[in-house]
Structure formats: structure tokens, C-alpha cells
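When a residue number appears, it is its place in the shown sequence, counting from 1.
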Amino acid sequence: MEGEGAAVWQGAVLGGIIFWLVSASYLNVTRKLRSFLQPWVTHHVVTQTPIILKIQSYGFGFLDALFSGLSCVVSVPFYTAFLPLLFWSGHGKLARQMTLLMAFCDYLGNCIKDVVSAPRPASPPVKRVTATRDEEDNALEYGLPSSHTLNTVCLSGYLLHYVLTHTQIQGAYVTYLGVSLACMLVFFIGLGRIYLGMHSVVDVLAGLLIGLVVLAFWLTVDEYMDSFVISGQNVTSFWAALSFLLLFAYPTPELPTPSFEYHTAFDGVALGIVSGVQQTYHQFHHANVPRLFSSELTIPVFLGRMLLGIPTILIVKFCSKTLAKWTIPVVANTLGIPIKSTGYIPTLNGSVTGKMSDKLKQGYLQKLLSQHKAFDVDTGIRFVQYAGLAWSVVDLVPSLFSYMSL
């Protein structure tokens, strides 16, 4: 009966997404929402330019470095590098929740960005500080909401909740200090995004409000989510189907942006983590695994894990990408699906469907059903390589740790 119940609600979820795809495609939901929201947001972005210029007038080199550094610390690449270490340090439940929450925030935030398609502050007159390649890529996305603000609210808030509820660190003073630090971090991240010329005030406020709503939602479902991942029915097959549908549920922006690429990567990460944890929970991720600073997992042992684990996951990422670059075109050609590649496979550039290369690969169900459009295999390749990387973090690498007695 339990298996039947799981199949029912999983089918209902997937069916609901398919219904939304068809309905949104038929009713042209994205364009209607954009026509309503975009003028209002754009007006506020333009009228708030003097505020940004006033904040930037107090700028000097130290603030450039400070806010650029803070932005890097709460960026998606930083979390991508940090989360494997959290898994390997014995904090599996926190790492699982942070990964899935990050994927949810990334998907929701980028969807809203591309639905609204509102501009970032005009530069010039605003000075835009992009100290890293990641920031240069971020500047190519639309503005509202500020993803850095949204992610900081959710992840710092959830980390604080976890510390206060799952550790021995308790007390009113600790709670007050933790909330104060989290609020200060959110404030400085939001101020930094404005100071760096990456966002307007309306973008940061939207990121703050959406982040608070997402955090409140996640705190009500996190235990159910974790229970499903570690002991649910049909976990891997359901999550694979969900990940596939979410690729097509992504809205089409007004102009091409990197947002869909970011979502595709984290969509793959979520699938890899869920499938790997579900298969190896009782071996490597249960509540009684050794944690960092314990007698079973000392700092030298953890450093050994890093020296073994990091090269391994990078090798797996490379191999997954290579395998996907070979298999996905073969499968597509076998099924008669027209394909192209905008980057990973140069031989597919300029194909008979190359005239569509300026179109976006993402969108609603009509993108799946339109026979005259080619699929960009880069989406599948990116998804597979990050799914492989994430799987290796929670399955292959812990197996190597066990074999090497680390």
C-alpha cells in the first residue's frame, strides 16, 4: 500500500507539471506575465539609478574588494566547491538539504529573472564592478530578483536553523547572535550588489522577499524531503523524470541569457546527489558517520579525503562530459531528433538547423514538439556531466574513502 501511495502522489506531481507545460504553452503565460511585470520593474530600475550613483560615490578600492569578495563567497561556484567538503566532513543531512535548497533557489530565481526579463542598472552611468569571470557571466543575466540576496537569505537562514536544532549549541544568546550575524550578512550582500552596480534596490528587495518565502516553505518540508530521499519509493526514477520535465518547464526569456545553463547544471547536481544518497545512505550517509574533529575523522584524515576526493570528482566530471558528448548525438540521430551544439561539439555548429542557433534551447512544451527546431545537445551534456560529478561526491568517492580507510 505504501508503494502504491508513493506512485500515486509521484504521478500526480509529474502529471501536474505536464499539465502546466501544456497550459502555459497554450495560454502564452510567460509573455502575459512579462507584459504586466516588466514595465513596472524597468521603471523602478531606471528611477533608482541616482540611488546607486550616490552609494557608489562613497566608493574606493577597499570597498570594491570587500563587496567583490563577499559576492564570491555566496556565489553558486563557491557553494558547488564547498558542498562536497560538507558531505565528506560527516554532515550528510546538512549537505543534502543545502544542495537541494540551493537547486530550488537557483531554479526559482532564474525562472523569475527570465519571466520578467527586466534589465540591470544601465552602465554607464552606473559603474559595474566585475572582478571575476563568474561576475561577468552574471552581468549577462536579467536583474530581478538578486540571486545572491535570495540565496544568502535561504542558505544562511537554513544553516542557522540547522545549528540551533541539530547541535548542542543552544541558548537565547546564541540564537540572538546567530540571527544578528545572518541579518548582517544579508544586508552587506544586498548593499554590495547595489554598490557593484549589479542590481537596483528593487532587485535586492525582491530577492529578500522571495528568499524569506522560500526559506519559510523549506523549513516546513525539509524533514519530509530528507525522509523521501533516504528511504522513499521510486526515488531515483521519480527524480530523473522530475529533472527532465523541469528542463522543459523553464520559461523562455526575452533574449538569451546564461540562466538556463546554471539551472541545467544544478538540476543535474540535484539528481546526482539524490540518486547517490538513496543508494548508499546506510553505508556512508547515516546519522552516525564520523564527523570532522572527532577521533575517527581528524584533520589529517580529512585532508587526505580532500586530496583523494577532489581529483576524483574532477576526473568523473571530465569522463561524464566525454561520454555524454559521444552518446547523446548518437541517441538523437538514432531517434531522428534534429540536434545542434552551440559550444561543446564544434562539428555540429553550422548544421542544417544552424539558422536556429540564435533561438533559445529552453522553453515550454512547444519546444519539445516543434519538429522544425533542433535541440541543443549542450543542455544534455551539461546535465549529465554535473549529475556524474554529484553522484561521485556521495557514492564513488566515499567508497574510495572506505577502501583507503580514510
Side-chain angles (χ1 to χ4, degrees), residues 37-79 81-82 102 105-106 109-110 112-113 116-157 159-160 176-215 257-259 262:
L37 295 171
Q38 188 187 65
W40 184 86
V41 176
T42 302
H43 169 74
H44 282 78
V45 171
V46 173
T47 57
Q48 291 169 0
T49 298
I51 300 176
I52 303 174
L53 295 175
K54 183 65 174 178
I55 293 175
Q56 291 187 333
S57 68
Y58 298 103
F60 55 97
F62 172 75
L63 288 181
D64 290 0
L66 173 64
F67 288 129
S68 294
L70 282 175
S71 294
C72 290
V73 168
V74 297
S75 65
V76 171
F78 174 83
Y79 288 123
F82 171 73
M102 184 70 195
C105 291
D106 184 71
N110 286 339
I112 296 174
K113 280 181 187 287
V116 180
S117 294
R120 292 179 183 265
S123 176
V126 170
K127 175 188 175 183
R128 184 167 294 158
V129 181
T130 53
T132 65
R133 175 63 183 273
D134 181 58
E135 282 288 79
E136 293 176 0
D137 291 341
N138 287 338
L140 300 176
E141 296 182 285
Y142 288 111
L144 184 140
S146 166
S147 296
H148 283 72
T149 306
L150 192 162
N151 294 340
T152 303
V153 170
C154 290
L155 296 178
S156 64
L159 178 61
L160 176 62
Y176 175 78
L177 179 61
V179 171
S180 299
L181 291 175
C183 290
M184 286 178 59
L185 178 61
V186 172
F187 172 78
F188 281 113
I189 290 299
L191 178 62
R193 301 311 288 168
I194 298 172
Y195 173 85
L196 296 173
M198 297 295 289
H199 286 287
S200 298
V201 176
V202 67
D203 302 336
V204 172
L205 290 178
L208 174 63
L209 293 176
I210 295 170
L212 290 173
V213 172
V214 171
L215 177 61
T257 74
S259 297
Y262 300 153

inquiry  = Please determine whether side chain to side chain donor-acceptor pair (under 3.5 Å) holds for the pair Gln38 and Ser117, giving the CA-CA distance in whole Å, both sets of side-chain angles, and the decisive distance to 0.1 Å.
reply    = CA-CA 7 Å; Gln38 188 187 65; Ser117 294; 4.8 Å; no
key: Test log, rule side chain to side chain contact (heavy atoms under 4.5 Å, CB included), inputs Asn151 and Ile189   = CA-CA 10 Å; Asn151 294 340; Ile189 290 299; over 6 Å; no
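Side chain of Ser68 to backbone of Ala65: no donor-acceptor contact under 3.5 angstrom is found. The closest donor-acceptor contact from the side chain of Ser123 to the backbone of Val126 lies under 3.5 Å. For Gln56 (side chain) and Lys127 (main-chain N/O), a donor-acceptor pair under 3.5 Å exists by modelled atom type. At least one donor-acceptor pair under 3.5 Å links the side chain of Arg128 to the backbone N or O of Pro121.
Contact between Ser156 and Val186 at its shortest, heavy atoms only, is OG-CG2, 4.2 Å. Taking every heavy atom of both residues into account, Tyr195 and Phe67 meet most closely at CD2-CD1, 3.4 Å. The minimum heavy-atom distance between Thr49 and Pro125, with the atom names listed, is CG2-CG, 4.0 Å.
In this structure, the separation between CG on Leu208 and CG on Asp203 is 12.5 Å, given to the nearest 0.5 Å. Once rounded to the nearest 0.5 Å, the distance linking OG of Ser147 with NZ of Lys113 reads 3.5 Å. Atoms SG and CG, on Cys154 and Asp106 in that order, are 11.5 Å from each other to the nearest 0.5 Å. Taking CD1 from Ile55 and CG from Leu191, the interatomic distance works out to 5.5 Å, rounded to the nearest 0.5 Å.
Results of the side chain to side chain contact (heavy atoms under 4.5 Å, CB included) test with Pro145 over Leu150, Val204, Val116 single out Leu150 as the only residue that passes. With Pro119 as reference, Thr42 is the one residue of Leu144, Thr42, Val41 to meet the side chain to side chain contact (heavy atoms under 4.5 Å, CB included) rule. Screening His148, Gln48, Arg120 for a side-chain hydrogen bond (donor to acceptor under 3.5 Å, both in side chains) with His199, the sole residue that qualifies is Arg120.
Put simply, the side chain of Ile194 reaches to within 4.5 Å of the side chain of Ile52, judged on heavy atoms. Under the 4.5 Å side-chain criterion, counting only non-hydrogen atoms from C-beta, Ile112 is not in contact with Tyr142. Proximity of Thr257 to Asn110: side-chain heavy atoms (C-beta onward) are nowhere separated by under 4.5 Å. Side chains of Trp40 and Val202 form a contact here, defined as non-hydrogen atoms less than 4.5 Å apart. The shortest side-chain heavy-atom distance between Ser71 and Met198 does not fall under the 4.5 Å cut-off.
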